[in-house]
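We use all heavy atoms of the structure for the numbers below, so side chains are in, but hydrogens, waters and symmetry mates are not.
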Amino acid sequence: MNKIVSKEYFSDKVAKLVVEAPLIAKARKAGHFVIVRTKEKGERIPLTIASSDIDAGTITLVVQAVGKTSQELIDLNEGDFIQDVVGPLGKATHIEKYDNTVVCCGGGVGVAPLLPIVEAFHKAGNRVVVVLAARTKDLVILEDEMRKISDEVIIMTDDGSYGNKGLVTQGVEDVINREKVDLCVTIGPAIMMKFVSKLTEKYNVPTVASLNTIMVDGTGMCGACRITVGGKTKFVCVDGPEFDAHQVDFDEMLMRLNSYKELEK
Ligand code: FES
């Protein structure tokens, strides 16, 4: 059982939970995730560790309510307990210092897991430009947090209600056209990552896609996170969550995700 030390809402559907987990706090690196269960027989959901405090023995999770379990989780309050938190899991993000800009772009459920990656690249001395995308102004999350840990934040909204009007790819392309970009990191819906990947391929910008949004049990057993990378079968939960975006078969991934949606219905 892990106690919730504090909780703060970013919006109706997104909350930040600080949770007691001293061992995970000590071991975690950017890119790692945990598997959380709200009750004993409940569903397990993977969540990226946004940050940790080794002295306090806590980890911070940013939870976006997208299903039953994530909703249950953000309905918990300070002082409540989470059934279990297992981790850190996955492979840590490969962080290095580049000569030129690192662009980190995210949308939807991808914004929270992007946070620790932005922070780690920035701490390593990189110039980091963040491109955040949302359908409309109210759905833009973690903007202030991103501003604190990056050099620039560009907001893109589909309807132009905030920041620039357009898709995430437009924001990324603008950056590529004005300065030299050495690396792009993308996290978000599969379709978004597919188009970011296509764009950066055109400009020969190495790109990492973090696919942790498509996991189910995270144990390497269920096969739900199976993807094809460079023609080889990989499991996101054990081989990832990060992969060379230009090698990922996004079309296959999208097809599989759609068939899950059918099943869920
Ligand atoms: S999430 Fe089940 S095998 Fe990876």
Side-chain angles (χ1 to χ4, degrees), residues 7-17 45-48 50-51 60-75 102-119 128-178 181 184-200 207 209-215 241 245 250 253-254 257-258 260-262 264-265:
K7 170 179 155 182
E8 186 191 320
Y9 279 102
F10 288 123
S11 73
D12 300 358
K13 290 276 175 207
V14 186
K16 176 169 104 177
L17 301 176
I45 54 166
L47 291 169
T48 301
S51 64
T60 301
L61 305 173
V62 179
V63 187
Q64 182 165 7
V66 284
K68 187 168 162 275
T69 305
S70 47
Q71 184 64 53
E72 275 168 14
L73 199 55
I74 69 166
D75 288 343
V102 175
V103 173
C104 295
C105 63
V109 284
V111 179
L114 195 62
L115 195 69
I117 295 175
V118 170
E119 189 175 28
V128 182
V129 177
V130 178
V131 182
L132 291 185
R135 253 184 300 126
T136 184
K137 181 172 191 253
D138 294 344
L139 299 175
V140 176
I141 57 163
L142 301 177
E143 181 189 349
D144 293 342
E145 286 70 20
M146 289 290 187
R147 286 201 191 278
K148 280 184 208 142
I149 53 166
S150 66
D151 293 275
E152 186 183 346
V153 175
I154 297 168
I155 309 274
M156 303 299 299
T157 49
D158 292 2
D159 62 0
S161 52
Y162 189 49
N164 304 323
K165 183 173 171 22
L167 299 175
V168 69
T169 39
Q170 185 60 53
V172 174
E173 191 162 20
D174 289 348
V175 180
I176 294 175
N177 282 328
R178 71 167 196 214
V181 175
C184 175
V185 180
T186 180
I187 315 185
I191 187 84
M192 182 199 113
M193 293 188 283
K194 173 184 163 173
F195 285 106
V196 168
S197 172
K198 275 198 159 168
L199 172 85
T200 56
T207 299
S210 181
L211 308 180
N212 48 359
T213 44
I214 64 159
M215 264 176 278
F250 284 107
M253 199 170 121
L254 281 161
L257 287 174
N258 284 338
Y260 275 116
K261 269 186 206 136
E262 285 302 310
E264 241 176 43
K265 264 188 224 156

How long is the straight-line distance from [atom2] of [Y] back to [atom1] of [X], given to the nearest 0.5 Å?
X	Y	atom1	atom2	result
Leu47	Thr60	CG	OG1	12.0 Å
Gln170	Phe195	CD	CZ	14.0 Å
Met156	Leu167	CE	CG	7.0 Å

Counting C-beta onward and ignoring hydrogens, is there a side-chain heavy-atom pair between [X] and [Y] closer than 4.5 Å?
X	Y	value
Leu73	Leu17	yes
Ile187	Thr48	no
Ile141	Lys13	no
Val128	Cys104	yes
Thr169	Lys198	no
Leu115	Lys16	no

- Task: Could you give me the CA-CA distance, side-chain angles and deciding distance for Val111 and Gln64, then say whether side chain to side chain contact (heavy atoms under 4.5 Å, CB included) is met?
- Result: CA-CA 10 Å; Val111 179; Gln64 182 165 7; over 6 Å; no
- Between Ser197 (side chain) and Ala245 (backbone), is there a donor-acceptor pair under 3.5 Å? yes
- Query: Per the side-chain contact (heavy atoms from CB on, under 4.5 Å) rule, which among Val131, Leu199, Val185, Leu132 passes with Cys105?
  - Reply: Val131
Heavy-atom pair with the smallest gap, counting every atom of [X] and [Y]:
X	Y	value
Pro189	Gly107	CD-O, 3.5 Å
Leu142	Ala112	CD1-CA, 3.7 Å
Gly188	Met193	O-CE, 3.0 Å
Ala209	Phe250	CB-CZ, 4.1 Å
Pro113	Pro116	O-CD, 3.3 Å
Leu211	Met253	CD2-CE, 4.0 Å

- Partners meeting side chain to side chain contact (heavy atoms under 4.5 Å, CB included) with Ile74 (sequence neighbours left out): Tyr9, Ala15, Val63, Ala65, Gln71
- Message: The criterion is side chain to side chain contact (heavy atoms under 4.5 Å, CB included); which residues satisfy it with Lys137, sequence neighbours excluded?
- Response: Ser161, Tyr162
Can you name the residues that form a salt bridge (charged side-chain N to carboxylate O under 4.0 Å, His left out) with [X], not counting sequence neighbours?
X	value
Glu145	none
Lys194	Asp251
Glu72	Lys39, Lys68

- Could you tell me which residues satisfy side-chain hydrogen bond (donor to acceptor under 3.5 Å, both in side chains) with Thr200, sequence neighbours excluded, listed by chain and number? Thr207, His246
- Has Arg135 got more than 12 heavy atoms of other residues, nucleotides or ligands less than 6.0 Å from its CZ? no
